Amino acid sequence: MLDTTSRIRILRKTYPWATLAIAAYRLTYSNGVKRNREKIRFLMAYFKINFAGIFSLMNDLLF
């Protein structure tokens, strides 16, 4: 079992992706006000991902 500091380190290294996955999972099973909060959390995580940097890296690796 992971202790709290290990969980925090893992979450920080995978921050936007882990938050995005968790919010998407919770969004599918929530309703009402909780669903709206999860939508906001999902969109905030989504917009923190630097897609231009990812596409640039993929382009450099392919060509």
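Treat the numbers as computed from the prediction; the structure is a model and nothing was measured.
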Show me the side-chain donor-acceptor pairs of residues 30-43 shorter than 3.5 Å, one per line, residues at least two apart or across chains.
{"residue": "S30", "atom": "OG", "partner": "R26", "partner atom": "O", "Å": "3.0"}
{"residue": "R35", "atom": "NH1", "partner": "L27", "partner atom": "O", "Å": "2.5"}
{"residue": "E38", "atom": "OE1", "partner": "R41", "partner atom": "NH1", "Å": "3.4"}
{"residue": "E38", "atom": "OE2", "partner": "R41", "partner atom": "NH1", "Å": "2.8"}

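- The cluster map of Ile, Leu, Val, Met, Phe, Trp and Tyr, joined by side-chain heavy atoms under 4.5 Å apart, puts I49 and F47 in the same cluster.
- For the atom pair OH (Y46) and OG1 (T19), the distance works out to 15.5 Å, reported to the nearest 0.5 Å.
- Residues that satisfy the ring pair (Phe, Tyr, Trp, His ring centres under 6.0 Å) test with F55, not counting sequence neighbours, are absent from this structure.
- Take Y25 and apply the side-chain contact (heavy atoms from CB on, under 4.5 Å) test, not counting sequence neighbours, and it matches Y29.
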